[in-house]
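See structure below.
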Number of protein chains: 2
Amino acid sequence: MAATTHLTPLVHPERDEMTVEAVLRALADPVRLAIVRQLARSEAEVSCGGLEVPVTKSTLTHHLGILRTAGVIAGRQDGTTRFNSLRRNDLDELFPGLLDGVLAARR
Amino acid sequence: MAATTHLTPLVHPERDEMTVEAVLRALADPVRLAIVRQLARSEAEVSCGGLEVPVTKSTLTHHLGILRTAGVIAGRQDGTTRFNSLRRNDLDELFPGLLDGVLAARR
DNA sequence: TGACAATTTCGAGGAACGTCGTACTATGGA
DNA sequence: TCCATAGTACGACGTTCCTCGAAATTGTCA
């Protein structure tokens with residue numbers, strides 16, 4: 001009833017606020033790296049349920065929050081589903097080559 | 001006199017054994033990132049004592065071990081001093097753009 | 001309205017990490 | 001030979017991190 005959207009307002013860092021340390025920390029986890037690879041491959045938005053990860057949904061939420069806070073991914077709310085996408089442009093602008101280098105790694 | 005070098009034999013991973021996850025984890029720490037930046041800037045080997053970091057020597061040893069185990073740096077022993085250098089070639093070959101992207105980050 | 005589906009929040013357990021001080025080894029010079 | 005120097009090994013301590021389950025929130029559809 002109260003209009004208090006208890007959902008976090010989906011806050012993302014501006015490009016200026018992103019740091020290479022936060023991005024590296026965000027990428028330095030197998031689950032999150034798998035998420036980034038899937039987003040990079042699909043080239044389109046992917047809902048949380050559409051991601052294949054070996055963890056619970058609550059853990060997935062946690063990882064997506066870290067990726068979003070670091071500026072690696074963007075989230076767009078649409079009804080009850082949240083669509084995620086890679087912030088390729090911002091990453092390439094700030095750290096040219098970083099994302100491609102990570103994605104180039106075998107397996 | 002005994003030739004038993006109790007020092008760890010300075011083991012480095014082969015290029016084939018390096019993983020992007022280990023490299024990212026190694027880079028995802030402010031102290032280690034500072035080390036990498038100094039090695040990249042100096043373009044020559046740097047002894048442990050020549051690195052400017054805000055931690056104790058024992059902690060520095062720990063960080064250098066992580067960087068070496070991940071394949072980010074190489075160590076060469078010469079007397080009592082150990083010289084460290086960036087494994088640029090291997091990193092660029094495996095993850096083209098990664099290192100440059102990290103180093104391109106402002107600050 | 002009521003049930004269901006998609007996701008988040010909260011709290012807790014356990015593992016991994018960064019840090020330090022102290023003790024130790026090894027090399028080189030006086 | 002003795003001492004200073006360069007760096008490592010070993011615990012130990014506190015913090016951060018990953019993980020989960022249970023409960024709560026929001027939107028959709030019948």
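Every value quoted in this text rests on a predicted model; they were computed, and no experiment measured them. Convention: sequence-line order gives letters A, B, ...; per-chain numbering from 1.
H63(B) comes within 4.0 angstrom of the backbone, heavy atoms only, and of no base. Note on L64(B): nothing from the nucleic acid sits closer than 4.0 angstrom, heavy atoms only. Within the nucleic acid shown, I66(A) comes within 4.0 Å of sugar-phosphate atoms alone, with no base atom in reach, counting heavy atoms only.
Checking dC18(D), dT7(C), dT8(D) against every side-chain atom of D29(A), the shortest atom distance belongs to dC18(D). Distance from the side chain of V31(A) is smallest for dT19(D) among the nucleotides dG7(D), dT19(C), dT19(D).
At least one side-chain nitrogen or oxygen of T59(A) sits closer than 4.0 Å to the OP1 or OP2 atom of dC20(D). The side chain of R82(A) places no N or O atom within less than 4.0 Å of a non-bridging phosphate oxygen (OP1 or OP2) of dA6(C). OP1 or OP2 of dC18(D) sits under 4.0 Å from a side-chain N or O of R32(A). Look at T80(A) and you won't find any side-chain N or O under 4.0 angstrom from OP1 or OP2 of dG27(D).
Under the 3.5 Å distance criterion, the side-chain polar atoms of T61(B) are matched with a main-chain donor or acceptor of K57(B). Listed for the R87(A) side chain is no donor-acceptor partner under 3.5 Å among the backbone atoms of I73(A). R25(A) places a side-chain N or O within 3.5 Å of a backbone atom of A28(B) that can act as its donor or acceptor partner.
Each of T61(B) and P54(A) lies near DNA chain D, and the nucleotide nearest T61(B) is the one positioned closer to the 5' end. Both T56(A) and G79(A) lie near DNA chain D, and the one whose nearest nucleotide falls closer to the 5' end is T56(A). Between S58(B) and A28(B), it is A28(B) whose nearest contact on DNA chain C lies nearer the 5' terminus.
Remark: C1' of dG21(D) and CG of L60(A) are 16 Å apart, rounded to the nearest angstrom. Taking atom CD of residue Q77(A) and atom P of nucleotide dG27(D), one finds them 8 Å apart after rounding to whole Å. What separates CD of E21(A) from C1' of dG18(C) is a distance of 14 Å, to the nearest Å. Taking atom NZ of residue K57(A) and atom C1' of nucleotide dA24(D), one finds them 13 Å apart after rounding to whole Å. Distance R25(A) CZ to dT16(D) P: 11 Å, rounded to the nearest Å. One can place CZ of R68(A) at 13 Å from C1' of dT9(C), the figure rounded to the nearest angstrom. Regarding L10(A), its CG atom lies at a distance of 15 Å from the C1' atom of dT25(D), rounded to whole Å. Computed from coordinates, the H62(B) NE2 to dG7(D) C1' distance equals 15 Å when rounded to whole Å.
Residues L64(A) and I35(A) form a side-chain contact, since some pair of their non-hydrogen atoms from C-beta on lies under 4.5 Å apart.
In this structure, A105(A) and V20(B) approach most closely via the heavy-atom pair CB-CB, 3.6 Å.
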